[in-house]
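Numbers restart at 1 for each chain; the letters A, B, ... are given by sequence-line order, proteins then strands.
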Protein chains: 2
Amino acid sequence: MGGPRFEPVRTVRAYERIVEQIEEAVETGTLTPGHRLPSERDLMAQFSVSRSTVREALRVLQARGLVRSRPGDPNGAEVLPFTPAALHKSMTTLARVDQLSLGELVGFRMTLDAAANLLAARLRTEAQLAEMDAAISAMRAAAGTGYDAFSAADVAFHDAVARASGNKLIQICTDVVRSIVLNLIAEKIAAAPDQDGLMRQSIRHHEEVLAAVRAGDGPLAARLSRQTMYDYYVTYVPAPERAALRALLD
Amino acid sequence: MGGPRFEPVRTVRAYERIVEQIEEAVETGTLTPGHRLPSERDLMAQFSVSRSTVREALRVLQARGLVRSRPGDPNGAEVLPFTPAALHKSMTTLARVDQLSLGELVGFRMTLDAAANLLAARLRTEAQLAEMDAAISAMRAAAGTGYDAFSAADVAFHDAVARASGNKLIQICTDVVRSIVLNLIAEKIAAAPDQDGLMRQSIRHHEEVLAAVRAGDGPLAARLSRQTMYDYYVTYVPAPERAALRALLD
DNA sequence: ATCCATTTGTACGTATGTATT
DNA sequence: AAATACATACGTACAAATGGA
């Protein structure tokens, strides 16, 4: 009876083993940004696989944003500092193939941006307050000149808040989702009637948010930021989805 | 003066062009899950590239979770339904290389889970309430038998809430971050003293949250869920990071 | 500034194990 | 049970690109 309990095996591709090993080295800090990998020929010797296998592994690592290789570079592939590019890519894919609605995206932003403001109100430094101030000034300066500069300043403000929150995950996710949202409706916003009025209203709202952050009133900052974002985007959100967004407004 | 404004060109690899085309087809719905790609030999003919180039493209697409290819499959690579696996992978990488702290992860979960409860309190159906009820029952049943079953039931509850929120982005992100957090501290929780007391407390908290969701009191459900998660994880979070988590508690 | 050795990008042929018919 | 079509992996070859002499 009994006998050893065997487990089902899954064949694991040769290139996967290579990816795992290099990934492990990067994630444990054995390989740090700036380090160069051995050349493809050296790697095929070290792993005792063919060049194609090495290259497939490198392509996967490159797709994950861990390394970059350039033709002719005698130093081999370069280990890159982490960027949320891969995260961005998969979230964008999610938004496209899984039919993420604008309402869901905006709701997500409202949630994370409010949390960032809540935290920033407690943790912000003077320098960070100055950054937010500068961003709003830039919004004011750009209000007349066009939507692009205004949007850039708006992004700078929200990014400053996100950084001040001290939560890198919130910062990265807000950044990713914001760019997806802007990408979805940039043209609609640019074509909106009464752009000037919208910009002025947005500036006023941002000033109120900043005042709350400066005063250290996190809950107020959070509530105002949700309202600001709701007001700014609600017209582009299909009516049936608006109820969910209003549910986020306290 | 003037003249045409030329833009810097970046050489784009052959395999990248293939990835772009197939990715586009998947994201626009031209290729839907279950569809088979042509065989590698057909692809090399269609794109007029070599086999290696096709394979590197397929490796990238596979790394992004869009397709899967198996040896010997007489059909080509299979187009997969979207899974957050790639998202999970990049977030895990982020957590490891960028030293994402447990405090940041828990803060993120508190934020998203609270938002999910806020929305679920408004949008939940009777069937979803029943699922949450069943999950809490499972938690009760598992409280004596061990941590694993208890944790699974706990996950089921939070997942039911996330689904009831109607926001797929919230659902997926909570799922991803939850598994990362659990992976980080599963052993610590399993080794905690007075496990039974912690489980009983957690069950009581979950019941309160569910009551609020059932009553349609979103803000209360959100506040309780934040508190529940804070209580459950705070002992594992380094003291300096706890202030930020408390800032999220209203 | 030019040339050169090396490396990457790409191509092609082949062998082998596997899944489906 | 055999035949077929496929993916995996290997090896070689050449062009383009890079960094350093």
Side-chain angles (χ1 to χ4, degrees), chain A residues 6-23 25-26 31 33-80 85, chain B residues 6-23 25-26 31 33-80 85:
Chain A
F6 296 118
E7 298 206 348
V9 290
R10 60 180 186 108
T11 65
V12 96
R13 313 261 177 281
Y15 80 90
E16 270 295 344
R17 310 297 297 262
I18 299 178
V19 168
E20 284 170 12
Q21 288 192 44
I22 297 182
E23 211 165 35
V26 171
L31 285 170
H35 272 158
R36 312 307 283 255
L37 262 46
S39 74
E40 294 182 358
R41 284 173 179 78
D42 286 347
L43 287 175
M44 63 185 272
Q46 292 189 34
F47 291 109
S48 60
V49 294
S50 78
R51 182 135 171 255
S52 338
T53 305
V54 168
R55 286 180 57 77
E56 289 178 24
L58 289 177
R59 289 296 82 81
V60 173
L61 290 168
Q62 183 156 334
R64 293 194 182 151
L66 296 181
V67 307
R68 175 188 55 179
S69 51
R70 290 175 309 163
D73 190 332
N75 295 320
E78 180 184 2
V79 178
L80 297 177
Chain B
F6 296 119
E7 298 206 349
V9 290
R10 58 177 187 114
T11 64
V12 98
R13 313 263 178 278
Y15 79 89
E16 269 296 342
R17 311 295 297 261
I18 299 178
V19 168
E20 284 170 12
Q21 287 193 44
I22 297 181
E23 209 165 37
V26 171
L31 285 170
H35 272 158
R36 312 308 283 254
L37 261 47
S39 75
E40 294 185 356
R41 285 172 180 81
D42 287 346
L43 287 175
M44 63 186 272
Q46 291 189 35
F47 291 110
S48 59
V49 295
S50 79
R51 188 88 185 283
S52 344
T53 303
V54 168
R55 288 177 57 77
E56 289 178 24
L58 288 178
R59 289 295 85 81
V60 173
L61 291 168
Q62 184 157 333
R64 293 192 181 152
L66 295 181
V67 306
R68 174 187 56 179
S69 52
R70 291 174 307 165
D73 192 332
N75 307 309
E78 181 184 1
V79 177
L80 297 176

May I ask you to evaluate whether [X] reaches the phosphate of [N], defined as a side-chain N or O under 4.0 Å from OP1 or OP2?
| X | N | value |
| --- | --- | --- |
| T53(A) | dC10(D) | yes |
| S69(A) | dT7(C) | no |
| S39(A) | dT6(C) | no |
| S50(A) | dA9(D) | no |

### Check: R17(B)/T53(B) side-chain N/O donor and acceptor closer than 3.5 Å
no
Length of the [atom1]-[atom2] vector between [X] and [N], whole Å:
| X | N | atom1 | atom2 | answer |
| --- | --- | --- | --- | --- |
| E16(A) | dA9(D) | CD | P | 10 Å |
| R68(A) | dG9(C) | CZ | C1' | 16 Å |
| I18(B) | dT10(C) | CD1 | P | 9 Å |
| E78(B) | dC6(D) | CD | C1' | 15 Å |
| Y15(A) | dT8(D) | OH | C1' | 11 Å |
| R51(A) | dC14(D) | CZ | P | 14 Å |

So, E23(B) and R64(B), do they make that salt bridge, N to O below 4.0 Å? yes
Rounded to the nearest 0.5 Å, what separation is found between the [atom1] atom of [X] and the [atom2] atom of [Y]?
| X | Y | atom1 | atom2 | result |
| --- | --- | --- | --- | --- |
| S52(B) | R55(A) | OG | CZ | 8.0 Å |
| R36(B) | E78(B) | CZ | CD | 4.5 Å |
| L43(B) | Q21(B) | CG | CD | 10.5 Å |
| R59(A) | R13(B) | CZ | CZ | 7.5 Å |
| F47(A) | I22(A) | CZ | CD1 | 4.5 Å |

Base, sugar-phosphate alone, or nothing: which one does R13(A) contact when heavy atoms must sit under 4.0 Å apart? sugar-phosphate
Residues in residues 54-65 of chain A with a heavy atom under 4.0 Å of DNA chain C, by number, are R55(A), R59(A)
Across every strand shown, the nucleotide meeting Watson-Crick or G-U wobble geometry with dA1(D) (both distances under 3.5 Å) is none
So do S69(B) and Q62(B) actually touch side chain to side chain, heavy atoms under 4.5 Å?
yes
Original post:
Hey, are the side chains of L31(A) and L37(A) touching, using non-hydrogen atoms and a 4.5 Å cut-off?
Top reply: yes
On DNA chain D, more 5' by nearest nucleotide between E40(B) and V49(A) is E40(B)
Side-chain contact check for A14(B): nearest option of dT10(C), dC6(D), dC10(D) is dT10(C)
Whether each nucleotide of nucleotides 16-21 of chain C has a protein heavy atom under 4.0 Å at its base (B), only at its sugar-phosphate (S) or at neither (-) is summarised, 5' to 3', as -BBBS-
